[in-house]
Amino acid sequence: MIPARREPGPAELAARTQLSRPAAEVAPRLLGALLVSDLGPRVAVRVTEVEAYAGVGSDPASHAHRRRTERNASLFGPVGHAYVYFTYGMHWCLNVVAHTEGTAGGALIRAGEVITGVSAARSRRTSARRDRDLASGPARLAVCLGVTGDQDGIDLLDPVSPLRLELQAVGGSLAIASGPRTGIAGAGADTPWRFWVDGDPTVSPYRRSAARKSPR
DNA sequence: GATGCGATTCACT
DNA sequence: GTGAATCGCATCG
């Protein structure tokens, strides 16, 4: 039989509204939120570091800067869904789609603290020496949660989704710091769209854009 | 059709 | 601190 159309609850509607704003405004509000993965044994992570990426034309560092393609399509899609991309031939990174109606953008989840399923996270991240290293980096966090390209585009606000974002967990008294984004060169390199929980040990160490050639 | 490089991580010097 | 690993994608010819 045909399942009834899902009725979004009030928390989900509130979250959807919160994410329907420019990524740069949404990103700091994701700090302290919970990412819960039921892909395999449950692992939950408290978000401690994020970066904002805007849409076409406005942010040269964004995957959505040039135009919509098959790869970045999720960034143009519904707010609150996942954008998962593959980079360096081996790493997956997770974004939360956030933008105003008709535009594109999202927030890269750069780091978090594993608060549930530490042993499961450790078995996925055998090279991590300390617990604080388990999700201290975008690709590390994705591994912790078991996220791959298979999760690209899924709805993070659907209560039955295997990967969920819980905004209601956000506490009020977080010390938020901001600064330039990591790994960005050229235009947009100085935009302070990286946000983190000040003093949190799980925040990934800042690296300026890979000092390739010609420093100037 | 070919090519260069990336929103990174890890091991090693 | 530096370099290798590794491949899909966007750009260029």
Side-chain angles (χ1 to χ4, degrees), chain A residues 22-24 26-28 30-31 35 45 47-77 81-99 103-112 114 121-153 156 165 178-196 201-215:
Chain A
V26 171
L30 295 179
L31 295 173
L35 275 169
V45 161
V47 177
T48 59
E49 182 185 356
V50 299
E51 283 178 4
Y53 289 89
V56 175
S58 53
D59 180 10
S62 172
H63 285 176
H65 173 57
R66 295 179 184 277
R67 63 197 169 87
R68 175 178 175 144
T69 65
E70 181 150 353
R71 178 214 203 182
N72 65 24
S74 295
L75 282 174
F76 293 75
H81 287 228
Y83 166 52
V84 183
Y85 69 89
F86 189 59
T87 190
Y88 290 99
M90 61 188 97
H91 297 306
W92 296 101
C93 297
L94 171 67
N95 293 244
V96 176
V97 177
H99 54 73
T103 64
L108 169 69
I109 310 298
R110 288 196 56 86
V114 178
R122 289 206 73 98
S123 67
R124 287 169 170 154
R125 292 256 311 120
T126 52
S127 64
R129 303 206 171 273
R130 300 168 299 185
D131 282 354
R132 57 193 266 183
D133 296 327
L134 284 171
S136 65
R140 293 170 168 184
L141 180 137
V143 170
C144 260
L145 296 176
V147 170
T148 69
D150 289 345
Q151 279 71 51
D152 182 43
L156 299 172
L165 175 71
S178 65
R181 291 173 293 186
T182 302
I184 307 294
D190 297 325
T191 311
W193 277 0
R194 173 173 174 258
F195 306 91
W196 64 93
T202 62
V203 172
S204 62
Y206 175 69
R207 301 222 190 98
R208 59 164 83 208
S209 58
R212 298 190 167 273
K213 6 183 173 180
S214 64

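These numbers come from the heavy atoms of this one structure, side chains and all, not from hydrogens, waters or symmetry mates.
- If you measure from atom CZ of A/Arg125 to atom P of B/dA11, you get 10 Å, rounded to the nearest angstrom.
- Atom CZ of A/Arg124 and atom P of B/dT9 are 17 Å apart (whole Å).
- Neither OP1 nor OP2 of B/dC10 sits under 4.0 Å from any side-chain N or O of A/Arg129.
- Checked for salt-bridge contact, A/Arg122 and A/Asp131 meet the test: a charged N lies under 4.0 Å from a carboxylate O.
- As a whole-Å value, the separation of A/Leu141 CG from B/dA7 P is 18 Å.
- Nucleotides of DNA chain C that come within less than 4.0 Å of any heavy atom of chain A span, from the 5' end to the 3' end, C/dA5 to C/dT11.
- A gap of 15 Å separates the C1' atoms of C/dG3 and B/dC5, to the nearest Å.
- The aromatic rings of A/Trp92 and A/Phe86 sit tilted, their planes meeting at an angle between 30° and 60°.
- Under the salt bridge (charged side-chain N to carboxylate O under 4.0 Å, His left out) criterion, A/Asp150 pairs with no residue at all, not counting sequence neighbours.
- Under a 3.5 Å cut-off, the side chain of A/Asn72 and the backbone N or O of A/Thr69 do form a donor-acceptor pair.
- Side-chain N/O atoms of A/Ser136 and A/Arg140 include a donor and acceptor closer than 3.5 Å.
- Contact annotation: A/Arg194 does not reach the phosphate of B/dA7 (side-chain N/O to OP1 or OP2, under 4.0 Å).
- A/Thr148 approaches A/Val84 most closely through the heavy-atom pair O-CG1, 3.6 Å.
- For A/Leu108 against A/Cys93, the heavy-atom pair with the smallest separation is CD1-CB, 3.9 Å.
- Remark: of the listed residues A/Thr48, A/Val45, A/Val147, A/Val45 is the sole one forming a side chain to side chain contact (heavy atoms under 4.5 Å, CB included) with A/Leu141.
- Residues that satisfy the salt bridge (charged side-chain N to carboxylate O under 4.0 Å, His left out) test with A/Glu51, not counting sequence neighbours, are A/Arg110.
- Distance from the side chain of A/Tyr85 is smallest to B/dA7 among B/dC10, B/dG6, B/dA7.
- The CG atom of A/Leu108 sits 10 Å away from the P atom of B/dA7 (whole-angstrom rounding).
- In this structure, A/Tyr53 packs face-to-face on the six-membered ring of B/dA7, meeting both the 5.5 Å centre cutoff and the 30° plane limit.
- In this structure A/Ala61 satisfies the side-chain contact (heavy atoms from CB on, under 4.5 Å) test together with A/Tyr53, A/Asp59, A/Arg181, A/Ile184, sequence neighbours excluded.
- Between A/Ser127 and the phosphate of B/dC10, there is a side-chain N or O to OP1/OP2 separation shorter than 4.0 Å.
- Between A/Phe76 and A/Val56 there is a side-chain heavy-atom pair separated by less than 4.5 Å.
- Annotated stems with DNA chain B as a participant read B:1-6 with C:7-12, B:8-12 with C:1-5, given as range with range, by first number; only runs of 3 or more Watson-Crick or G-U pairs under 3.5 Å qualify.
- For the segment residues 54-75 of chain A, residues with any heavy atom less than 4.0 angstrom from an atom of DNA chain C are, sorted by number, A/Arg66, A/Arg67, A/Thr69, A/Arg71.
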